[in-house]
Trainee: 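My questions all concern the structure below.
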Number of protein chains: 4
Amino acid sequence: MARTTEPGGTPVPQRLLAAATRLFAERGYDRTSVQEIVEAAGVTKGALYHYFGSKDDLLHEVYGRVLRLQQERLDAFADADAPVEQRLRDAAADVVVTTIENLDDASIFFRSMHHLSPEKDKQVRSERRRYHERFRALVEEGQRTGVFSTATPADLVVDYHFGSVHHLSTWYRPDGPLTPQEVADHLADLLLRALRP
Amino acid sequence: MARTTEPGGTPVPQRLLAAATRLFAERGYDRTSVQEIVEAAGVTKGALYHYFGSKDDLLHEVYGRVLRLQQERLDAFADADAPVEQRLRDAAADVVVTTIENLDDASIFFRSMHHLSPEKDKQVRSERRRYHERFRALVEEGQRTGVFSTATPADLVVDYHFGSVHHLSTWYRPDGPLTPQEVADHLADLLLRALRP
Amino acid sequence: MARTTEPGGTPVPQRLLAAATRLFAERGYDRTSVQEIVEAAGVTKGALYHYFGSKDDLLHEVYGRVLRLQQERLDAFADADAPVEQRLRDAAADVVVTTIENLDDASIFFRSMHHLSPEKDKQVRSERRRYHERFRALVEEGQRTGVFSTATPADLVVDYHFGSVHHLSTWYRPDGPLTPQEVADHLADLLLRALRP
Amino acid sequence: MARTTEPGGTPVPQRLLAAATRLFAERGYDRTSVQEIVEAAGVTKGALYHYFGSKDDLLHEVYGRVLRLQQERLDAFADADAPVEQRLRDAAADVVVTTIENLDDASIFFRSMHHLSPEKDKQVRSERRRYHERFRALVEEGQRTGVFSTATPADLVVDYHFGSVHHLSTWYRPDGPLTPQEVADHLADLLLRALRP
DNA sequence: TATGAATGAGCATTCATTCAT
DNA sequence: TATGAATGAATGCTCATTCAT
């Protein structure tokens with residue numbers, strides 16, 4: 001058993017996933033070689049292919065983890081017992097905070113999705129759509145009940161906000177002037193202000 | 001001699017650039033081979049290396065073209081003789097329209113920037129910063145003169161809007177329900193509404 | 001314990017041998033992975049290496065089975081109490097029928113022999129030589145007693161016939177116009193006709 | 001130009017083909033690595049893939065050469081101006097001689113055909129069929145004109161003979177007691193004797 | 001101004017085998 | 001008697017780049 005978990009007791013698959021996440025974010029999927037991943041994880045190639053079917057599989061796993069986390073959090077905020085403007089604001093801010101806290105995952109997500117195999121791409125897209133739709137439902141609810149302006153189609157509003165989330169990995173620096181929470185509050189505020197009737 | 005421009009009279013370097021742009025956008029920089037580029041352009045490898053120092057150079061040229069175009073247009077709108085809210089709205093809408101009209105360039109821009117060599121990356125970043133600053137100056141002008149809310153730092157406002165521009169290549173489809181101009185008007189509207197005092 | 005024989009009561013080594021035979025015939029020795037064999041046999045790699053020393057060993061066992069079977073049958077026909085032309089005809093036809101009935105073994109035999117390790121190759125060759133010699137003795141007996149022509153060296157006659165047996169796996173199809181017995185009769189007939197003085 | 005033909009003036013593609021032929025015959029297709037081929041030919045892998053699309057392609061080229069040669073020779077003998085029994089005897093003997101003279105090609109042919117990709121396999125099979133049919137036509141002509149026995153279907157007769165040709169690479173040794181021509185005469189004689197009415 | 005043969009390093013993946021349990 | 005995680009070496013193939021012509 002000692003073989004499975006030499007450095008620090010973390011099981012091999014997790015070690016591989018962590019190494020891959022860091023490297024994919026650092027240099028991109030195509031620029032990261034399987035050799036570099038296994039070296040960073042302290043195992044051999046054979047071990048990687050024992051647990052993952054392909055390099056592509058590794059990327060897919062990274063996506064899966066992020067998607068599940070974000071969907072859970074969105075569901076929690078959207079289902080909360082609060083006025084819709086509060087629920088939208090909370091959800092909009094939360095996705096900013098968790099994105100900043102997992103900037104590696106985020107940059108991989110937005111930069112490497114086109115490296116997935118067609119079938120995996122399809123699966124990821126469908127999960128993302130579900131996420132998008134849950135968020136859009138919040139906007140539509142507010143529009144129906146008159147607390148949000150109906151000047152802009154809800155779909156566009158959602159893409160507007162997620163564009164800025166997507167963009168975070170391009171400009172946000174942990175040593176910058178704003179904490180993740182401050183950025184989140186500002187961006188959620190911009191969204192809510194744009195939606196004022 | 002006319003040998004440089006066999007198919008259709010377009011000079012070889014332009015043909016190469018056009019082919020590279022299309023292919024980089026289609027399959028990404030790393031997934032596009034030099035061989036594919038020269039085949040698409042109807043020339044041989046030697047010709048490519050006669051005009052461009054490297055594959056990386058080709059990417060840099062694509063960036064240069066886009067950056068110059070966008071900077072020129074932004075300068076024109078920002079220098080116009082109109083109230084600041086009008087100038088910002090026009091600039092914000094224009095960048096959306098030209099991005100949609102050059103979605104290939106845009107996807108390359110946002111997805112392949114990390115493939116540039118360090119020195120070229122530095123150069124591109126500095127040009128982008130100049131662009132960002134010009135846009136921010138418009139926001140700040142409006143904040144100073146009281147027509148825009150000062151609730152959000154101008155930098156963040158700019159990143160908010162450019163996130164949505166960046167995001168266009170992810171979701172915009174030419175056969176979708178909205179024309180480029182309609183999308184542009186909506187996104188500019190969201191920006192201006194968010195900035196209402 | 002009954003654990004050795006879960007599916008259908010067949011013991012593990014036989015199950016492995018049967019799976020290997022089918023797969024080696026289907027895709028060749030080199031194209032068949034140990035993993036595929038154990039999966040087809042419903043066991044794990046450890047089990048295979050418990051019973052067989054190596055992949056090469058498995059191939060050797062397949063050969064052994066075929067060689068023993070064919071030698072036994074040839075001996076029976078050659079030792080029979082009948083005129084030599086009858087005994088040769090029966091033996092010649094029988095090897096055709098049993099080869100067709102075990103086409104898998106046959107294709108492995110003729111296509112994969114060069115995959116054996118030197119020592120096993122030597123052993124197989126010596127067993128085959130014994131088989132060849134028994135068959136040749138029949139031809140020589142007929143030549144000595146004047147019922148067969150002596151125009152062709154007996155060795156060559158044997159190789160002539162076994163060439164056609166060898167060739168069966170290339171062209172014989174179970175759904176073709178001839179039954180195994182008909183093919184066998186024709187080929188034995190050709191041999192005997194060629195040997196007419 | 002000196003780069004193309006360092007050792008002995010032979011162009012690179014021919015050098016590669018010769019090396020591949022020898023190695024495929026020696027150790028089989030699967031046991032021969034691309035690395036070994038290029039080392040034997042004195043070039044690098046890149047050069048091989050400049051001329052051949054894949055390892056499989058190399059095998060296909062070997063086949064092509066043999067098939068063309070044999071078809072030409074068969075056509076020449078079959079079209080000759082001589083009685084049909086002479087033409088069949090000459091063709092039957094010639095294929096034995098040329099097979100012995102190119103035993104490398106022959107062993108590759110009969111042992112490695114199943115390594116071809118489906119489409120190339122199809123092509124080779126169709127060329128082989130054409131060869132088989134030309135040969136069969138000679139047998140049928142003799143049967144129609146009464147000089148050959150009709151006891152055996154012509155197809156089977158052809159397979160009987162080609163089985164022995166196929167088999168040559170298994171047993172023929174240049175240092176054995178028989179010259180290629182002697183073997184050829186004996187095998188052709190066996191065929192013709194078997195066909196006596 | 002262009003060709004295209006050749007390089008050489010790198011790539012993802014496969015696989016027979018071992019061994020602690 | 002059997003497991004299955006892990007190894008490590010090898011495999012076929014790709015590709016940006018160079019350079020004699």
Side-chain angles (χ1 to χ4, degrees), chain A residues 1-6 11-13 30-38 42-58, chain B residues 1-6 11-13 29-38 43-58, chain C residues 1-6 11-13 30-38 43-58, chain D residues 1-6 11-13 29-38 42-58:
Chain A
M1 181 158 295
R3 220 199 266 123
T4 334
T5 49
E6 263 170 75
V12 169
D30 272 324
R31 313 289 256 227
T32 303
S33 75
V34 168
Q35 188 57 45
E36 288 168 327
I37 296 170
V38 300
V43 300
T44 58
K45 280 192 208 173
L48 186 155
Y49 282 96
H50 184 72
Y51 292 106
F52 300 92
S54 64
K55 188 185 168 188
D56 180 278
D57 237 50
L58 223 33
Chain B
M1 262 219 182
R3 226 194 270 123
T4 337
T5 50
E6 265 168 73
V12 169
Y29 178 79
D30 273 321
R31 315 285 254 230
T32 304
S33 75
V34 168
Q35 187 60 44
E36 289 169 327
I37 298 170
V38 299
V43 301
T44 59
K45 282 195 200 168
L48 186 153
Y49 281 94
H50 183 74
Y51 291 108
F52 301 92
S54 65
K55 188 184 168 188
D56 181 278
D57 238 49
L58 224 33
Chain C
M1 262 215 181
R3 224 193 273 123
T4 338
T5 50
E6 266 169 72
V12 169
D30 274 322
R31 317 285 254 229
T32 303
S33 76
V34 168
Q35 187 59 45
E36 288 168 328
I37 297 170
V38 300
V43 301
T44 58
K45 282 195 200 167
L48 186 152
Y49 281 94
H50 182 74
Y51 292 107
F52 300 92
S54 65
K55 188 184 167 188
D56 181 277
D57 240 48
L58 224 35
Chain D
M1 183 159 289
R3 218 199 268 124
T4 336
T5 50
E6 265 169 72
V12 168
Y29 179 80
D30 271 325
R31 313 287 255 228
T32 304
S33 75
V34 168
Q35 188 57 46
E36 288 168 327
I37 297 170
V38 300
V43 300
T44 57
K45 277 193 215 172
L48 186 154
Y49 282 96
H50 184 70
Y51 292 106
F52 301 92
S54 64
K55 188 185 168 189
D56 180 279
D57 236 50
L58 224 33

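Computed from a prediction, not measured in an experiment: that's the story for all the values here.
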Trainee: Sort me out a list of protein N/O and nucleotides 11-15 of chain E N/O pairs below 3.5 Å, or just none if empty.
Mentor:
unit_1: E:dA12; atom_1: OP1; unit_2: A:T32; atom_2: O; d: 3.4
unit_1: E:dA12; atom_1: OP1; unit_2: A:K55; atom_2: NZ; d: 2.8
unit_1: E:dA12; atom_1: OP2; unit_2: A:V34; atom_2: N; d: 2.8
unit_1: E:dT13; atom_1: OP2; unit_2: A:Y49; atom_2: OH; d: 2.4
unit_1: E:dT13; atom_1: OP2; unit_2: A:K55; atom_2: N; d: 3.0
unit_1: E:dT13; atom_1: O5'; unit_2: A:Y49; atom_2: OH; d: 3.3
unit_1: E:dT13; atom_1: O4; unit_2: A:K45; atom_2: NZ; d: 2.9

Trainee: From the list F:dA5, E:dT7, E:dT1, which nucleotide is the closest neighbour of the side chain of D:V43?
Mentor: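 Nearest to the side chain of D:V43 among the choices is E:dT7.
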
Trainee: Using a 4.5 Å cut-off on heavy atoms from C-beta on, say whether the side chain of B:L58 contacts that of B:L48.
Mentor: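 Yes, side chains in contact.
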
Trainee: Starting at atom OH of B:Y51, determine the distance to atom C1' of E:dT3, rounded to an integer number of angstrom.
Mentor: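 Computing the B:Y51:OH to E:dT3:C1' distance gives 13 Å.
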
Trainee: Just how far, in rounded Å, is P of F:dT17 from CG of B:L58?
Mentor: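 Value for this atom pair: 10 Å.
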
Trainee: When the distance from CG of B:L48 to P of F:dT17 is rounded to whole Å, what number comes out?
Mentor: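 The distance from CG of B:L48 to P of F:dT17 comes to 9 Å, rounded to the nearest Å.
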
Trainee: Can you tell me the distance, in whole Å, between the CZ atom of A:F52 and the P atom of F:dA5?
Mentor: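 After rounding, the gap between these two atoms is 12 Å.
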
Trainee: Pairs counted as Watson-Crick or G-U wobble with both distances under 3.5 Å: what dot-bracket string results for DNA chain F, using | for bases tied to another strand?
Mentor: .||||||||||||||||||||

Trainee: Tell me which pairs pass salt bridge (Lys or Arg N to Asp or Glu O under 4.0 Å) where either residue lies in residues 46-56 of chain C, with sequence neighbours left out.
Mentor: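 Listed once each, the pairs are C:D56-C:K120.
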
Trainee: Among all residues two or more places apart in sequence or in another chain, which pass the side-chain contact (heavy atoms from CB on, under 4.5 Å) test with A:S33?
Mentor: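 If we apply the side-chain contact (heavy atoms from CB on, under 4.5 Å) test to A:S33, skipping adjacent residues, the hits are A:Q35, A:E36.
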
Trainee: Could you tell me the separation between the OG1 atom of C:T44 and the OH atom of C:Y49, rounded to the nearest 0.5 Å?
Mentor: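 Answer for the OG1-OH pair, C:T44 versus C:Y49, is 12.0 Å.
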
Trainee: How many whole angstroms separate atom CD1 of D:I37 from atom C1' of F:dC13?
Mentor: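 Value for this atom pair: 13 Å.
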
Trainee: Output the single nucleotide from F:dT7, E:dG8, E:dT1 whose closest atom is nearest the side chain of D:T44.
Mentor: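 Comparing F:dT7, E:dG8, E:dT1 against the side chain of D:T44, the answer is E:dG8.
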
Trainee: Take atom NE2 of A:H50 and atom P of F:dA5, then tell me their distance rounded to the nearest Å.
Mentor: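 Rounded to the whole Å, the gap is 3 Å.
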
